[in-house]
Amino acid sequence: MATRFYNTMTRRKEIFQPIESGKVRMYTCGPTVYNFAHIGNFRAYVFEDLLRRYLKFKGYEVIQVMNITDVDDKIIREANKAGQTIREFTRKYRDAFFEDIDTLGIERAEVYPAATDHISEMVGLISKIMDKGLAYRTDDGSIYFKVSEYPKYGRLAHLNVTDMKRGTRVQNDEYEKEELRDFALWKGWKAEDGPVCWETAIGKGRPGWHIECSAMSTKYLGNHFDIHTGGVDNIFPHHENEIAQSEAATGEKFVNYWLHCEHLMVEGDKMSKSAGNFYRLRELLDKGIDASAIRYVLLSTHYRQKLNFTFDKLEAAAKSITRLRDFKKSLDQPVNDGALQIDQIVEKYLRDFEEFLDDDLNISGALGSLFRCIHEINAFRESTPLTDRDVGVVSNFLDKVDSVLNVMNVSERTLSSEEQQLIEKRQKARAERNWAEADRIRDELLKRGIILEDTPSGTSWKRKIKT
RNA sequence: GGCGACGUACCCAAGUGGCUAAGGGAGAGGUCUGCAAAACCUUUAUUCACCGGUUCGAAUCCGGUCGUCGCCUCCA
C-alpha cells in the first residue's frame, strides 16, 4: 500500500517516497512563545502528531524538528515593556507549550531548536545569500531578499506577486526596500528594540521572520528534506519565503512535500478575542474539560477541512472515546476457552484503517473502520464468548491503532478514600435493599464524575469524561 | 480586483463515475437491572445546496446560479 499526501506545491495527492529509504525527515512550524497557545495552534500540532505517529506506524524512522520562535516584534515589545530579557519573558510560555503538548498526548519531536540559539547559523545563511548577490543592504542596516532574482517565487502560494500592491500591512512596514515584495532576512537595530540585538558579521540587529526556519531546518535535516508542514496561513508569505531563501542559498531543492492544515473556527466564526470566542487550551482545561476530548475533536476532522470547534463536538467526542475505552476495558474480563477466532475481522479492519490513512491521512474513514470493527466484534460476542487468544488478537489490534490515535489509554485516577467509602456505603444499602439511600449515593458520586456500573459480577466504576 | 476551498440525515462527518451513500453523536425500540445508569443490540438519507449538460449509469465529471469561508507581507 502506498501512502499518499496532498502536496500544496503541486495541488494534488502524491505517492510518498522518502529521500532516504525507511527514514522521514520533517520540519513542523512551531510556536512563537509570546503567549499561551490557543486551540487553533494545537490543531496544527495534533495534525502533525497524527502525521508523525502514522509514519512510525508505517515503519519509518521519523526525525521531526519543531522550531521555537523566541524572538519577534511582539516578544521584543512585550519583554521591553516588562523590563525583562526576551529569554526571561518567553520562558514561561515555552514551558507552558511543552506542558500543553504533553497534556494533549502529542508525541515529542526529536529536536526543538530555539531561534535565539541559532543566530550564527542564520547569519551564515544570510551571508551565503549576499555572496551570491541575491540580497541587499539598506541604510538602516537591514538586509532584504531580492525576490526578482528568484524566478520561481510564488509557486507554492500560486500568487502573482509582481502586482501585489494592496496589502494594508505593507504601509505599516517602516523598513525601506527596493521592491514591495522583497522581504527582510535581517532587521537592523532600532532604538525601540532596546537591548534586543546581536552584533554579527552582517551587522547589529536581529533576524527576520523566515530565516530561522530555513537555517534550523537545514542544520538538523539537511539542505533537502522530505516534509514541511504548518497552518494554511503559513503558505504565504512564510513558506514561500523559506523556499526562496533556502533554494537561493543552496541551489538545491528545499522540500519534497508541503502539507498544510486548515484553520479552526469556533462556533461557526473565526476565533478572535473581540468576538469572545477565543480559547486557549488552559482555559478549556480550567473549565474542567477533559484533554482527551479536546484531542479527539482536533484529531477527528480531516486536516485539510476547516474545523468548527463547538461544545457539542466536545461532548460527542467524549462519548466516542468512552465507547472505545469501554470496549477495550471489556477485554479485561476473564474469558472462556473456545475454538473461535476473530482474526479475519481484525485483519480486515486493520487493513481498512491503514488504507484510509494512506490516503492523505483520511482520519474520518480510519475511525469509521475502527468503530465498525468494534461493532462487529460486539455483535459476534453477543452469542459467542471470545477466547483468550481472541482477546489477545483484539488487544493487539487496539494497541496498534492507538499508537496512531492515542485516545484510548487512560491512567484512571484512583478513588479518594471518601469516594471509596461512599461506594462501600452504597453496597451496604443495596444489600439491605435500602434503594433510596443507594440511589442517593449513586447520584452523589455521579456529581463527582464517577459513573457506577452494576453488573451481575459486581459493581465497577469509571470516571466520566468531562466536557 | 486576483487566487482558492467548501455546501451529504436533527448535529458532526467519510465517500469524488456503477455494489445496501461509512462512522460518531442525538432520537426511537430492545437486552440487562430493585429501579436506573452504564454497556451492548436493532433502527433512523429512494437521496447528496439549486438548475442544466455529458454518460448505458453522477453525490462524484462539465457549465451556470445561490450560499458559507479563506489567502493576497510577520496569524497554526
Side-chain angles (χ1 to χ4, degrees), chain A residues 11 28-32 37-48 69 72-74 154 157-161 163-173 177 180-184 208-210 229-238 240-241 260-265 268-272 296-297 300-302 304-308 310 312-313 315-324 326-327 329-330 352 356 359 362-375 378-379 381-382 430 433-436 438-439 442-443 446 451-456 459-462 464:
Chain A
R11 309 269 155 146
T28 51
C29 271
T32 301
H38 56 71
I39 50 172
N41 299 124
F42 288 111
R43 185 201 185 176
Y45 308 142
V46 168
F47 147 63
E48 285 148 5
T69 297
D72 88 323
D73 290 2
K74 274 174 297 219
H158 289 216
L159 277 177
N160 179 2
V161 272
D163 43 39
M164 221 170 56
K165 290 209 161 44
R166 323 181 131 257
T168 50
R169 292 183 194 159
V170 176
Q171 271 80 39
N172 301 334
D173 198 330
K177 48 186 172 179
L180 232 37
R181 56 183 181 160
D182 291 348
F183 58 89
W209 175 32
H210 320 292
T229 74
V232 285
D233 50 344
N234 278 153
I235 296 173
F236 193 86
H238 186 51
E240 192 71 59
N241 291 354
H260 292 97
C261 90
E262 254 297 348
H263 272 146
L264 173 140
M265 322 235 293
D269 282 309
K270 191 172 177 174
M271 186 162 65
S272 74
Y296 194 91
V297 169
S300 60
T301 293
H302 185 85
R304 283 193 292 119
Q305 194 80 35
K306 281 184 200 61
L307 166 61
N308 190 16
T310 64
D312 283 354
K313 258 187 193 164
E315 205 143 323
K319 288 180 177 159
S320 297
I321 298 170
T322 302
R323 183 165 160 84
L324 296 173
D326 282 340
F327 178 74
K329 205 165 129 193
S330 73
D352 278 3
F356 277 116
D359 183 14
N362 184 347
I363 188 70
S364 307
L367 287 170
S369 68
L370 171 60
F371 281 107
R372 283 185 65 177
C373 181
I374 289 175
H375 177 247
N378 275 332
R381 201 153 61 155
E382 282 258 286
R430 288 188 79 213
R433 307 185 73 82
N434 183 353
W435 307 127
D439 292 355
R442 187 170 62 197
D443 288 347
L446 187 60
I451 298 171
L452 293 182
E453 299 172 15
D454 296 331
T455 67
T459 300
S460 66
W461 61 276
K462 71 179 175 194
K464 190 174 180 220

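Numbers restart at 1 for each chain; the letters A, B, ... are given by sequence-line order, proteins then strands.
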S.K.: From the set B/C12, B/A39, B/A76, return the single nucleotide nearest to any side-chain atom of A/Lys313.
M.R.: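 From the listed options, B/C12 comes nearest.
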
S.K.: Atom OG1 of A/Thr310 and atom CE of A/Met265: how far apart are they, to the nearest 0.5 Å?
M.R.: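 Those atoms lie 11.5 Å apart.
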
S.K.: How is A/Asp326 classified with respect to the nucleic acid when contacts are heavy atoms under 4.0 Å: base, sugar-phosphate, or nothing?
M.R.: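 Result for A/Asp326 = sugar-phosphate.
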
S.K.: Are the charged groups of A/Asp326 and A/Lys462 less than 4.0 angstrom apart, N to O?
M.R.: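 Yes, charged N to carboxylate O under 4.0 Å.
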
S.K.: Spell out yes or no: do the side chain of A/Asp454 and the base of B/A36 have one donor N/O and one acceptor N/O closer than 3.5 Å?
M.R.: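 By the distance-only test, yes, there is a pair.
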
S.K.: Using a 4.0 Å heavy-atom cut-off, does A/His260 contact any base of the nucleic acid, only the sugar-phosphate backbone, or nothing at all?
M.R.: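 Since no nucleic acid heavy atom lies under 4.0 Å of A/His260, the category is nothing.
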
S.K.: May I ask you to evaluate whether A/His375 reaches the phosphate of B/C41, defined as a side-chain N or O under 4.0 Å from OP1 or OP2?
M.R.: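 Yes, within the criterion.
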
S.K.: Could you tell me whether the side chain of A/Arg442 has a donor or acceptor atom within less than 3.5 Å of a complementary atom in the base of B/A36?
M.R.: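 Under the 3.5 Å cut-off, the side chain and the base do form a donor-acceptor pair.
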
S.K.: Give A/Asp312 one of three labels, base, sugar-phosphate or nothing, depending on what nucleic acid heavy atoms sit under 4.0 Å from its own.
M.R.: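 Nothing, no nucleic acid heavy atom in range.
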
S.K.: How are the rings of A/Trp209 and A/His238 set to each other: parallel, tilted or perpendicular (split at 30° and 60°)?
M.R.: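 Taking A/His238 first and then A/Trp209, their aromatic rings lie parallel (interplane angle under 30°).
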
S.K.: Any side-chain N or O of A/Lys319 below 4.0 angstrom from OP1/OP2 of B/A26?
M.R.: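 Affirmative; the distance criterion is met.
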
S.K.: Check whether the side chain of A/Asn434 and the base of B/G34 form a donor-acceptor pair under 3.5 Å.
M.R.: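 No such pair is found, so the answer is no.
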
